[in-house]
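To start, the structure itself, in structure tokens.
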Amino acid sequence: MKIKVLTLFPRFYDSFVDTSIIKRAIAKGLVEFEAIDIRSYTKDKYGRVDSPPVGGGAGLVGHLQPLVDALRANKGPRAHVVFFTPRGHRYGQADAKRLAEEEELILVCGHYEGVDERFSDYVDEELSVGDYVLTGGEIPAMAISDSVIRLLPGAIADDSTKEESFSEGLLEYPQYAEPYDFEGKKIPDILYSGNHEAISKWRKKEALRLTMKRRPDLFAAYRPSKAERKLIEEIHQGEEEPEWLKKALQKGHKFIKSGN
């Protein structure tokens, strides 16, 4: 996969390509990442890429010429062009999966007051990362690149992406690391039971509980299975230790640290 970011600040991505999973994905040849300087395409003799808006108003508006020329010079035949704008579609995990299937992504970063309205005719898709104002599109481009690259086969272990938040429409279940007891806060006993079926069921229940509490908007759109509906009923009834959980704890009591 190729990802190209058109930006006025290409050095913004220096540390991004030299860190962690992104660095490894590039080294493995899974992705080619390039930050391209829009300013290098301007024909203005003073190197300008923007000017005050026609008709008056605050800020500076990006010129069409350097943007379009930068896009044309770097766009492959199958490139999917994304422009970041507040009026764009709200980006989510489903979009990350969809974009990860593309052969080439071109992410275009606006800046200042925005860019010439006519630039929208040159892009395939407009995206927004949230209802707030940023200085430019560099942070959204970085966030989207990260979310896409980590989904590429071989970038990270497949199991690491299967049960993440949003991957199935729910928040992820709670995760824990040793020690068992830290300042009186203990890891749930079921995770030491050795009963993988019960652990999986507990994790699903906690994912449902967290989503209900923290992201009711996600939960409202979720379509639970018959087994999940029973877990939801347990949550509503306040049933913290249903029969299936009690049995799993009794059967695996010798592995549970609180019982040692």
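Sequence positions, counted from 1, serve as the residue numbers for this chain.
- Hydrophobic clustering keeps V54 apart from L60 (ILVMFWY residues linked when any side-chain heavy atoms are closer than 4.5 Å, directly or through intermediates).
- For D121, there are no salt bridge (Lys or Arg N to Asp or Glu O under 4.0 Å) partners, not counting sequence neighbours.
- Minimum heavy-atom separation, A141 to L107: O-CD1, 3.7 Å.
- Taking the side chain to side chain contact (heavy atoms under 4.5 Å, CB included) definition, one finds that K43 meets it with Q65, D69, sequence neighbours left out.
- Between D37 and R39 there is no salt bridge, since no side-chain N of the basic residue sits under 4.0 Å from a carboxylate O of the acidic one.
- In this view, Y192 and Y180 satisfy the ring pair (Phe, Tyr, Trp, His ring centres under 6.0 Å) rule, not counting sequence neighbours.
- Each ring pair (Phe, Tyr, Trp, His ring centres under 6.0 Å) pair with one or both residues in residues 54-90, not counting sequence neighbours, appears once here: F83-F119.
- Qualifying salt bridge (Lys or Arg N to Asp or Glu O under 4.0 Å) partners for K75, counting only residues two or more places apart in sequence or in other chains: none.
- Counting only distance, with no hydrogens or angles, the side chain of S20 and the backbone of I22 share no donor-acceptor pair below 3.5 Å.
- Of the inter-residue distances, the one linking Y91 atom OH with L99 atom CG reads 5.0 Å to the nearest 0.5 angstrom.
- Under the 4.5 Å side-chain criterion, counting only non-hydrogen atoms from C-beta, D50 is not in contact with V61.
- Residue R150 comes nearest to I156 through the heavy atom pair O-CG1, 3.5 Å, listed as atom of the first residue, atom of the second, then distance.
- A search for salt bridge (Lys or Arg N to Asp or Glu O under 4.0 Å) contacts involving R98 returns D95, E125, not counting sequence neighbours.
- The two atoms that bring P179 and I187 nearest to each other are O-CD1, 3.6 Å, heavy atoms only.
- Within the structure, ring pair (Phe, Tyr, Trp, His ring centres under 6.0 Å) contacts touching residues 20-42 (residues at least two apart or in different chains) are Y13-F33, F16-F33.
- Side chains of R209 and K213 form no contact here, defined as non-hydrogen atoms less than 4.5 Å apart.
- Annotation: the span from I21 atom CD1 to L30 atom CG amounts to 11.5 Å, rounded to 0.5 Å.
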Residues L6, L67; criterion side chain to side chain contact (heavy atoms under 4.5 Å, CB included); working and verdict: CA-CA 8 Å; L6 304 189; L67 274 171; 5.5 Å; no
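- Checking side-chain atoms of T211 against main-chain N and O of L171 turns up a donor-acceptor pair under 3.5 Å.
- In the displayed structure, E197 atom CD is contacted under 6.0 Å by at most 12 heavy atoms of other residues, nucleotides or ligands.
- Qualifying side chain to side chain contact (heavy atoms under 4.5 Å, CB included) partners for H196, counting only residues two or more places apart in sequence or in other chains: none.
- T42 and D44 get closest at one heavy-atom pair: OG1-N, 3.2 Å.
- Shown here are the salt bridge (Lys or Arg N to Asp or Glu O under 4.0 Å) partners of E103, two or more places apart in sequence or in another chain: R78.
- Of all non-hydrogen atoms in T7 and A35, the two that sit nearest each other are CG2-CB, 4.4 Å.
- Expressed to the nearest 0.5 Å, how far CG of L231 lies from NE2 of H236 amounts to 11.5 Å.
- Taking the side chain to side chain contact (heavy atoms under 4.5 Å, CB included) definition, one finds that E241 meets it with L245, K246, L249, sequence neighbours left out.
- For the atom pair CD (E126) and OG1 (T85), the distance works out to 5.5 Å, reported to the nearest 0.5 Å.
- Remark: side-chain polar atoms of S147 are paired, donor with acceptor, to backbone N or O of I144 under 3.5 angstrom.
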Check against side chain to side chain contact (heavy atoms under 4.5 Å, CB included), R90 and D131: CA-CA 9 Å; R90 178 77 71 86; D131 296 337; 2.7 Å; yes
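- Both V129 and I139 are part of a single hydrophobic cluster, where members link through side-chain heavy atoms under 4.5 Å apart.
- In this structure, T135 and H111 have side chains that are in contact, with non-hydrogen atoms separated by less than 4.5 Å.
- For the pair R72/Y122, a side-chain contact is recorded, criterion being any heavy-atom separation below 4.5 Å from C-beta on.
- Contact annotation: the side chain of L127 never approaches that of P140 to less than 4.5 Å [non-hydrogen atoms, C-beta and beyond].
- Residues S145 and V148 fail the side-chain proximity criterion, which asks for heavy atoms closer than 4.5 Å.
- Of the charged side-chain nitrogens involved, none lies within less than 4.0 Å of a carboxylate oxygen, so that E206 and R203 do not count as a salt-bridged pair.
- Here the straight-line distance linking atom CD1 of I3 with atom CG of L105 works out to 5.5 Å at 0.5 Å rounding.
- Under the 3.5 Å distance criterion, the side-chain polar atoms of D146 are left unmatched by any main-chain donor or acceptor of M142.
- Contact record, K4 with I36: CB-CD1, 4.0 Å, taken as the closest heavy-atom pair.
- Within the structure, the salt bridge (Lys or Arg N to Asp or Glu O under 4.0 Å) test picks out the following pairs touching residues 219-235 (sequence neighbours left out): K204-E228, K205-E234.
- Under the 4.5 Å side-chain criterion, counting only non-hydrogen atoms from C-beta, L208 is in contact with Y222.
- Distance check, rounded to the nearest 0.5 Å: CG of N195 to CH2 of W244 gives 9.0 Å.
- Within the 4.5 Å cutoff, no side-chain heavy atoms of C109 are placed close to those of L8.
- Among residues at least two apart or in separate chains, there is no salt bridge (Lys or Arg N to Asp or Glu O under 4.0 Å) pair with a member in residues 133-142.
- Summarising the local packing, OH of Y176 is surrounded by more than 12 heavy atoms from other residues, nucleotides or ligands at distances under 6.0 Å.
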Criterion side chain to side chain contact (heavy atoms under 4.5 Å, CB included) on K251 and S193, from CA distance to verdict: CA-CA 8 Å; K251 190 173 181 180; S193 69; over 6 Å; no
Audit row: L71, V81, side chain to side chain contact (heavy atoms under 4.5 Å, CB included) steps and yes/no: CA-CA 9 Å; L71 181 58; V81 183; 3.8 Å; yes
R87 and E117: CA distance, side-chain angles, deciding distance, salt bridge (Lys or Arg N to Asp or Glu O under 4.0 Å) verdict: CA-CA 12 Å; R87 67 187 178 197; E117 175 69 20; 2.9 Å; yes
